[in-house]
Protein chains: 2
Amino acid sequence: MLGSPWCRGRFRDAGFRLTLPRQAILNVFIRNPKHLSAEEVFLLLHKDYPGIGLATVYRTLDLLTQMGLIFKFDFGDGRSRYELADETIKAHHHHLICTRCGRIIDYSDFAEKEKKFIKELETELSKKYKFKISSHQVHFYGLCEECQ
Amino acid sequence: MLGSPWCRGRFRDAGFRLTLPRQAILNVFIRNPKHLSAEEVFLLLHKDYPGIGLATVYRTLDLLTQMGLIFKFDFGDGRSRYELADETIKAHHHHLICTRCGRIIDYSDFAEKEKKFIKELETELSKKYKFKISSHQVHFYGLCEECQ
DNA sequence: CTGCATGCAAACCCTTTGCATTGGG
DNA sequence: CCCAATGCAAAGGGTTTGCATGCAG
């Protein structure tokens, strides 16, 4: 994904430069398919690239989100989390959030059923509220196995 | 709702005092059935009760959330929003959020279909992930009619 | 070369907390 | 009366911004 002309082209076409920090940050997501906070990205990055600052991480996360390469989530714990926008996401994977320990569980089961349902709902909502829907989030809150 | 023995009892049973600020804040939600941020509650309150401080608003919002009288939402704009936990919510009303102007549209259409779907999904998820689900949020992001 | 991107630190914004004071039960 | 609840101001934590410097194109 990274060295590929696709990635470079994606940046060039959008009028952005493919810099080292941007490549490195994208790499963090490729190697860590998780819901990373800005600080987590910064720390993971710091091992190999101690020179990259937190501000750059925030600016890059914002850029990548705008470019659609990553998705931004807010689980209500006061910090944003980001995730690579790959097939996993496209397959409508959603989240279970433990309100006690903060653990986040992905699930992509029931994807077909869910996809169909969401699709229908989006169509109806778009029509009724003249709303152009571009994305959605489904969060279930509760207690994970250990916290019960 | 407010003067009712029900409300007072609800506080007493939980070991809390039904103070003037708490009544006033609950009243704000009753009169403004919207997704209010802490600051909005504070400002609405300020007209009639200029003495009530922002910290008390935050503390009370937290208390009411724990008591289940209001719900807390996070739409990703960096501030929490709160809403009265009345029948409207119980009827599974969800949200469309405009990513440009921040407008939030409630919808409670398709409630039956949705309720059934969510219920099924919750059951399956609970079983598979041993997760005790207590609430859920469904957010659709996009552009409202005016912002398109 | 030219100007976008970066690093650093300060600024910002929302939220929480410490502490003396108030008022509900 | 007593202790939970309040108000105020200060602190906290995540995110953004200003500005001089660096590097991609």
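Convention: sequence-line order gives letters A, B, ...; per-chain numbering from 1. These numbers come from the heavy atoms of this one structure, side chains and all, not from hydrogens, waters or symmetry mates.
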Tell me if the centroids of the rings in A:His136 and B:Tyr141 come within less than 6.0 Å of each other.
no
What about the rings of A:His95 and A:Phe140, do their centers lie closer together than 6.0 Å?
no
Using a 4.0 Å heavy-atom cut-off across all strands, classify B:Ser80 as base, sugar-phosphate, or nothing.
sugar-phosphate
Atom-pair distance ([atom1] on [X]; [atom2] on [N]), nearest Å:
| X | N | atom1 | atom2 | value |
| --- | --- | --- | --- | --- |
| A:Tyr58 | C:dC8 | OH | C1' | 15 Å |
| A:Leu20 | D:dC23 | CG | C1' | 11 Å |
| B:Leu54 | D:dA11 | CG | P | 18 Å |
| B:Asp77 | C:dC14 | CG | C1' | 11 Å |
| A:Phe16 | C:dT6 | CZ | P | 11 Å |

Judged by atom type as modelled, is there a donor-acceptor pair below 3.5 Å linking the side chain of B:Arg10 to the main-chain atoms of B:Met67?
yes
Of B:Gly78 and B:Arg59, whose nearest nucleotide on DNA chain C comes first from the 5' end?
B:Gly78
Selected nucleotide, minimal atom distance to A:Ala38 side chain, candidates D:dG25, D:dT15, D:dT6:
D:dT15
Identify which one of B:Thr56, B:Asp62, B:Leu54, B:Thr60 satisfies the side chain to side chain contact (heavy atoms under 4.5 Å, CB included) criterion when paired with B:Tyr58.
B:Leu54
Both A:Ala55 and A:Glu39 contact DNA chain D. Which one's nearest nucleotide lies toward the 5' end?
A:Glu39
Should A:Thr19 be listed as having a side-chain N or O under 4.0 Å from OP1 or OP2 of C:dC4?
no
Suppose we call a contact any N or O donor and acceptor under 3.5 Å apart; does that hold for the side chain of A:Arg17 and the base of C:dC4?
yes
